[in-house]
Amino acid sequence: MGHRVTVWDDRLSAGELAALAPGRPEDLDRTPDVLIVGGGAIGLSAAVFCLRAGLGRVVLIERAERLAPGASSGNGGAIAPDMHLLTDGPEFVAFGRRSLELYRELDAEWGGAIGTWETRWLDIRPASTVPFGPQPASASSAAPLPGQSLSGTPLSRRPLRDGPPSDGPLLGGPLAGPRFPDGPLADRPLPGGPRAEPPFPDGPLAGPPFSDRPLPRGSSPDGPPSRRSLPEEPSPDELLRDRPPSEASRPPGPVPDGSHFDDPQPDRSQADGPRFDGPQRGGLWLLDAAAVRELEPDVVPPDGAIAVLAERQLAVNPLRLAAALAPRAGQVATGVAMLGVTMRGDRVAAVHTNVGDFSPGALILATGLVPAPWDVGVPQRWVKGHMLAVAPGPWRLGSVLAGPFGGGSPLPDGTIVCGGTFDEGDQTLDVYPEIADPMAAALATILPAAAGATISRRWCCFRPYIEGRQPVIDRLPGVSNGWFAGGHFTTGIMMAPATGAALAAWIGSGTAPPPVRSFTLPR
Ligand SMILES: Cc1cc2nc3c(=O)[nH]c(=O)nc-3n(C[C@H](O)[C@H](O)[C@H](O)COP(=O)(O)OP(=O)(O)OC[C@H]3O[C@@H](n4cnc5c(N)ncnc54)[C@H](O)[C@@H]3O)c2cc1C
């Protein structure tokens with residue numbers, strides 16, 4: 001059975017590929033303490049953290065023949081919570097930062113099995129679209145700080161508070177209101193069709209969704225896919241769509257109080273990073289064009305553009321992540337689909353699958369979107385995105401480039417990953433070069449040496465989007481032993497460990513951890 005090939009597939013060892021397809025163990029535990037449905041990044045992380053929390057025997061089932069068959073292997077692999085200071089609320093950023101910490105901890109504990117690497121981000125954009133001040137210092141005008149080799153102005157000049165918001169039970173600190181009130185997607189009507197269907201081939205066991213099959217039944221309710229090209233002047237929507245590979249989920253909105261996020265003095269050990277000896281506040285810096293050139297000599301910011309710099313972010317090959325989580329996730333079975341449940345009172349008593357029933361102590365649904373019967377009235381849909389990879393070429397690039405002009409994420413071998421697009425209404429599995437390739441052209445507008453570069457891979461996948469707050473980490477309505485974790489939309493890889501940890505803490509304690517109390521299902 002074929003599946004689409006991403007830039008990540010050909011970077012895995014035979015052992016890692018085998019870990020992604022465990023098949024169906026003969027001694028499948030039918031009465032696990034925790035049953036997890038869905039073998040994407042969220043389900044796998046949930047399983048790992050439930051085991052680590054000592055919640056007992058854990059079983060994960062995935063309907064496809066391979067783990068992470070969809071978005072969890074087709075994404076950009078960005079783990080960059082600091083960039084979300086531009087677009088998201090404090091509790092979201094804090095959750096993302098906690099997740100990034102967990103990535104560091106797990107990868108260290110597992111001897112580098114996840115394979116994260118450090119990144120720094122340059123979000124290059126028209127100065128007028130940076131939703132906060134002050135204006136950047138230029139390399140020549142900035143009063144140099146001792147030892148400073150690059151001009152940068154800390155975004156926040158406010159005094160540090162007593163500590164980062166990650167001091168509390170899981171992440172700490174009260175949650176500050178809705179995270180996603182103003183997003184461009186929040187007010188849009190759902191595309192046609194009564195409810196979102198996963199854009200997967202027919203039937204629960206039809207296998208990985210990116211085979212060469214004909215279109216699934218009921219797909220593409222809105223007609224042919226959009227074939228938008230890059231506009232000359234990006235609209236707010238375009239700012240999002242064309243912001244590779246940050247997967248920025250919102251247009252620039254109100255920026256949280258920078259002081260709220262102040263980190264302790266960051267570790268300056270990043271070998272190839274810029275050198276700042278001055279104070280860094282809020283995790284972000286503004287750079288002018290000259291400073292950008294100093295940092296990235298081959299990058300040419302358009303006239304009037306400035307850059308927002310975030311350091312010490314992470315990236316990962318998401319398929320390697322899945323392969324690292326799987327052997328640490330308890331009993332994992334592929335080719336096993338949940339078909340329905342039987343309730344007894346407020347408890348899920350049985351989970352019905354194509355290989356018989358399970359009677360779990362607790363059930364976690366990590367199916368991307370909310371499945372039946374709990375989906376009624378939930379405004380949710382899959383949002384397709386194209387990605388592409390550019391083969392290594394004659395340029396130097398040490399930073400992830402993002403922003404409305406274009407960008408891409410350099411892999412350690414020099415490949416650059418671009419994406420993704422937001423192809424609303426396209427529920428097909430098809431990859432359209434005319435939609436993907438403008439991302440390579442856009443990259444070349446700020447990295448001219450990449451003009452005409454070879455596109456080595458194109459692919460697409462689908463983000464799970466649930467209107468309202470996101471991600472959604474909540475009890476299933478009316479169910480005492482069932483949870484849902486999904487709707488992570490553009491940030492499921494970034495949020496996976498924190499999501500898993502929050503679920504394990506909730507199941508273990510019976511109480512929702514403060515960081516996720518606003519990530520509720522829209523009701
Ligand atoms: C183009 C693109 C780029 C992205 N880039 C980034 C990025 O750089 N950084 C980032 O953090 N995020 C990124 N994302 C988002 C990220 O990929 C998703 O948020 C994340 O993968 C969602 O993970 P999940 O486990 O919730 O869902 P999925 O990966 O969809 O997994 C759900 C699983 O549940 C299984 N399932 C469903 N129903 C059943 C059933 N009944 N029985 C058994 N199994 C079932 C499915 O087969 C599937 O494998 C990107 C997404 C896209 C589309």
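We count ligands from 1, going down the list as the structure has it; atoms in each ligand are counted the same way.
Note: Y432 and H386 have tilted aromatic rings, judged against thresholds of 30 and 60 degrees for the angle between ring planes. Below 30°, between 30° and 60°, or above 60°: for F95 and F519 the angle between ring planes is above 60°, a perpendicular geometry.
The contact set between ligand 1 and T491, taken as ligand atoms under 4.0 Å from a residue heavy atom, comprises 10 (C), 11 (O), 12 (N), 15 (C). The atoms of ligand 1 that sit less than 4.0 Å from any heavy atom of V336 are 43 (C). Taking a cut-off of under 4.0 Å to the non-hydrogen atoms of A41, the atoms of ligand 1 that pass are 25 (O). If you number the atoms of ligand 1 from 1 as listed, the ones under 4.0 Å from a heavy atom of H488 come out as 19 (O). Close approach to A366 involves these atoms of ligand 1, each under 4.0 Å from a residue heavy atom: 32 (C), 33 (C), 34 (O). Listed by number with element, the atoms of ligand 1 under 4.0 Å from a non-hydrogen atom of M494 are 10 (C), 11 (O). The atoms of ligand 1 that sit less than 4.0 Å from any heavy atom of A337 are 42 (N), 43 (C). Within ligand 1, counting atoms from 1 as listed, the ones closer than 4.0 Å to a heavy atom of G76 are 3 (C), 4 (C), 5 (N), 6 (C), 7 (C), 8 (O).
Only the backbone of T490 comes within contact range of ligand 1, with a heavy atom under 4.0 Å; no side-chain atom does. Under 4.0 angstrom from ligand 1, there are no non-hydrogen atoms of T421. Contact annotation for R63 and ligand 1: heavy atoms of both the backbone and the side chain come within less than 4.0 Å of the ligand. The proximity of V37 to ligand 1, defined as any non-hydrogen pair under 4.0 Å, is limited to the side chain. At a heavy-atom cutoff of 4.0 Å, ligand 1 is contacted by both the backbone and the side chain of S72. Within the 4.0 Å heavy-atom criterion, neither part of A68 lies near ligand 1.
In terms of modelled atom types and a separation under 3.5 Å, the side chain of T334 and the main chain of R66 share no donor-acceptor contact. A donor-acceptor pair is defined here as one N or O able to donate and one able to accept, closer than 3.5 Å; no such pair exists between the side chain of D375 and the backbone of V370. Distance alone, capped at 3.5 Å, is enough to place a donor-acceptor pair between the R347 side chain and the G361 backbone. A donor-acceptor pair under 3.5 Å is formed between the side chain of D107 and the backbone N or O of I114.
Remark: distances from the non-hydrogen atoms of P69 to ligand 1 include one below 4.0 Å.
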**Request:** Using the side chain to side chain contact (heavy atoms under 4.5 Å, CB included) rule, take E16 and L20 through it: C-alpha gap first, then chi angles, then the decisive distance, then the call.
**Result:** CA-CA 7 Å; E16 288 171 325; L20 292 170; 5.9 Å; no
- request: Could you go through the side chain to side chain contact (heavy atoms under 4.5 Å, CB included) check for D10 and R457 one step at a time?
  value: CA-CA 11 Å; D10 34 37; R457 292 263 184 243; 2.5 Å; yes
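The shortest N or O to N or O distance between M338 and ligand 1 is under 3.5 Å. At least one N or O atom of G77, backbone or side chain, sits closer than 3.5 Å to an N or O atom of ligand 1. Ligand 1 has no N or O atom lying under 3.5 Å from any N or O atom of G486, backbone or side chain. The N/O atoms of G70, backbone and side chain alike, include none that comes under 3.5 Å of an N/O atom in ligand 1. Considering backbone and side-chain atoms together, A64 places no N or O closer than 3.5 Å to any N or O of ligand 1.
Checking N75, T499, T367 against atom 50 (C) of ligand 1, the nearest heavy atom belongs to N75. Considering only non-hydrogen atoms, atom 24 (P) of ligand 1 lies nearest to I42 out of T334, T6, V472, I42. With atom 53 (C) of ligand 1 as the reference point, the heavy atom nearest to it among R463, M387, H386 is part of R463.
Using a cut-off of 4.0 Å between Lys/Arg side-chain N and Asp/Glu carboxylate O, R381 and E424 are scored as salt-bridged. A salt bridge is defined here as a Lys NZ or Arg NE, NH1 or NH2 lying under 4.0 Å from an Asp or Glu carboxylate O, and E91 with R98 fails to meet this definition. Salt-bridge formation is detected for the pair R11/D413: a Lys NZ or Arg NE/NH1/NH2 atom is positioned less than 4.0 Å from an Asp or Glu carboxylate oxygen.
Donor-acceptor pairing under 3.5 Å is recorded for the side chains of S399 and R120. Looking at Q313 and D82, their side chains do bring a donor and an acceptor atom within 3.5 Å of each other.
Counting heavy atoms from C-beta outward, T353 and F358 have side chains that approach closer than 4.5 Å.
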